[in-house]
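This report concerns only the one structure given below.
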Amino acid sequence: MTMSETPTVALIGPGAIGTTVAAALHEAGRTPTICGRSARENLELRFDGGHIVVPGPVRADPKEMKNTFDLVFLAVKSTQIEASAPWLSALCGEKTVVCVLQNGVEQKELVARYVPGSPVLPSVVWFPAQREPDASVWLRAKARLTLPDTPQTEVVLAALRDTRCSVDVAADFRSVAWRKLLQNAVAGLMVLAGRRAGMFSRADVTALALAYLRECLGVARAEDATLGDEVPQEIVDAFHRAPADLGTSILADRQAGHPLEWDSRNAVVQRCGRARGIPTPISDLVVPLLAAASDGPG
Ligand SMILES: NC(=O)c1ccc[n+]([C@@H]2O[C@H](COP(=O)([O-])OP(=O)(O)OC[C@H]3O[C@@H](n4cnc5c(N)ncnc54)[C@H](OP(=O)(O)O)[C@@H]3O)[C@@H](O)[C@H]2O)c1
C-alpha cells in the first residue's frame with residue numbers, strides 16, 4: 001500500500017468498541033471485513049443525533065477467508081485473544097499491521113505471539129461504548145484513539161482519516177497508556193461494589209479510589225511513565241463529572257457473568273509492583289476479589 005491508497009481493513013470482535021470503529025469506517029465509505037464469534041447480518045451504532053447500520057455479514061469462520069489485509073483491528077477482550085488466534089492467522093500476512101483496540105499496557109506482548117512477523121500496534125481507546133439489549137451499541141462520547149508514533153501508525157491514520165473516530169499520535173505513548181490504565185484499574189472498584197460511576201460521589205469511595213490510584217501511580221512511574229502527582233485527583237474528578245449511570249466494560253462483563261479483564265486492568269499493577277519491589281497493599285486486596293468474581297470457583 002502507498003500512503004495515497006486506502007488500506008484494506010478487517011476487524012475482529014464486533015462488540016462495543018469494534019462496532020464503533022466499523023461504523024466510523026463504513027460511514028466514510030471504507031466498510032471493513034467484519035469477523036466475529038457469531039454470524040450476524042449487520043451491526044448498529046447509536047449515538048447522540050443518529051445511528052449507523054454497518055452491513056455485514058459478520059463472518060464467523062476463519063477458514064472461509066482467502067485474503068490477508070493491510071490493517072487488522074483486534075477489538076476482542078484481552079481474555080479472548082487466544083480464542084481469536086485462528087482469525088489472526090487467517091487475516092494477517094507479514095505486512096499486515098495489527099492494531100489492538102483494548103485496555104491495558106501489555107497489548108503488544110499479548111498479541112504478537114499469535115502473529116509472528118506482523119507489526120502489532122497498541123492503542124488507547126478513550127470512548128465509552130456499551131452493548132444494548134437490542135444488540136445495538138450505544139456510543140456515549142466522541143470516538144477517539146491514541147496511538148504510538150511509529151511508521152506503522154500511518155496505515156491506521158490513513159484508514160480512519162476524516163471519520164468520526166479521531167486518532168491522536170503520542171510521542172510518549174507509554175505515559176498515555178499508563179494514565180488510561182490507572183483509570184481502568186480504579187473503575188474495577190465498580191465491579192466490587194456492583195455500582196456505576198455515581199458511587200464515586202461517596203466520600204469514602206473517593207478516599208479509597210485516591211489511595212488505590214496513588215499506589216498505581218507509583219508503579220506506573222517505576223515503569224517509566226511520566227505522570228504527575230495530580231493524576232489521581234484528575235481521574236477521580238472525571239468520575240465525579242461522569243453521568244451517575246455510566247458503567248465500564250468490566251462491570252458490564254460482571255453483570256453478564258462473563259470472564260473479567262482483571263489480569264490486564266488490575267493484576268498488571270500488582271505484577272509490575274512485585275517485580276520492582278514496590279508494595280501494592282490495595283491491589284493485593286482488589287486483585288484476588290476480581291479474579292474470584294471472574295473465574296470462581298464458587
Ligand atoms: N466498551 C468500552 O466502553 C471500552 C472503552 C475503552 C476500552 N475498552 C476495551 O476495549 C476492548 C473491547 O471491549 P468491548 O467493550 O468492545 O468488548 P465486547 O463488547 O465484549 O466486544 C468483544 C467482541 O469480540 C467478540 N469475540 C469474542 N471472542 C471472539 C473470537 N474468538 N473471535 C472473534 N470475535 C470474538 C465478541 O463476540 P460476542 O458478540 O459473541 O460476545 C464481541 O463482539 C476491551 O479490552 C475493553 O477493556 C472498552
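Remember, it's 1-based here, ligands and their atoms both numbered in the order they're listed.
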Would you mind checking which non-hydrogen protein atom is closest to [atom], with the distance to 0.1 Å?
atom                    : value
atom 36 (C) of ligand 1 : R37 NH2, 4.2 Å
atom 39 (O) of ligand 1 : R131 NH2, 2.4 Å
atom 22 (C) of ligand 1 : A75 O, 3.6 Å
atom 11 (C) of ligand 1 : L101 O, 3.4 Å
atom 1 (N) of ligand 1  : A129 O, 2.9 Å
atom 9 (C) of ligand 1  : N103 ND2, 3.3 Å
atom 32 (N) of ligand 1 : W87 CD1, 3.4 Å

Donor-acceptor check, side chain of [X] to backbone of [Y], threshold 3.5 angstrom: yes or no?
X    : Y    : answer
S84  : Q80  : yes
Q102 : V76  : yes
R59  : R40  : no
D70  : T8   : yes
N42  : V54  : no
T163 : C165 : yes

Per-residue contact class, [X] against ligand 1 - non-hydrogen pairs under 4.0 Å:
X    : value
A252 : neither
Q130 : neither
S84  : both

Ligand-side contact atoms (ligand 1) for residue partner [X], heavy atom cut-off under 4.0 Å:
X    : answer
R265 : 47 (O)
S38  : 40 (O)
Q102 : 10 (O), 11 (C), 45 (O)
P128 : 3 (O)
A83  : 31 (N)
S249 : 1 (N), 15 (O), 46 (C), 47 (O), 48 (C)
V125 : 6 (C), 7 (C)
G36  : 33 (C), 34 (N)

N/O to N/O below 3.5 Å, does that happen between [X] and ligand 1?
X    : answer
K77  : yes
V76  : no
D253 : no
S78  : no
E261 : yes
I12  : no
G15  : yes
I17  : yes

Against the six-membered ring of F47, is R164 placed for a cation-pi contact (under 6.0 Å from the centre, within 45° of the normal)?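 Yes, a cation-pi geometry.
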Has R140 got its NZ or CZ under 6.0 Å from the middle of the six-membered ring of W138, at an angle within 45 degrees of the ring axis?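 Geometry flag: set, cation within 6.0 Å and 45°.
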Candidates R265, Q183, R196 - the one meeting side-chain hydrogen bond (donor to acceptor under 3.5 Å, both in side chains) with T248: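 Single side-chain hydrogen bond (donor to acceptor under 3.5 Å, both in side chains) partner of T248 among R265, Q183, R196: R265.
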If you count the non-hydrogen atoms of other residues, nucleotides and ligands that lie under 6.0 Å from [atom1] in [X], is the total more than 12?
X    : atom1 : value
R254 : CZ    : no
H240 : NE2   : yes
R195 : CZ    : no
E82  : CD    : no

Heavy-atom gap [X] to ligand 1 smaller than 4.0 Å:
X    : value
H258 : no
F127 : yes
K180 : yes

Under a 4.5 Å side-chain heavy-atom rule over Ile, Leu, Val, Met, Phe, Trp and Tyr, are L43 and I12 clustered together?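 In one cluster: no.
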Less than 4.0 angstrom from a charged side-chain N to a carboxylate O is my criterion; do D263 and R271 meet it?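 Looking at D263 and R271, the cut-off is met.
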Taking all non-hydrogen atoms of both residues into account, name the closest pair between F173 and P122 and its distance.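 Heavy atoms of F173 and P122 come nearest at CE2-CG, 3.6 Å.
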Shortest non-hydrogen contact from R131 to A16?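 Taking every non-hydrogen atom into account, CG-N, 4.0 Å.
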Nearest neighbour of atom 19 (O) of ligand 1 from the list S264, G13, A16, on a heavy-atom basis: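 Checking each option, the heavy atom nearest atom 19 (O) of ligand 1 is found in A16.
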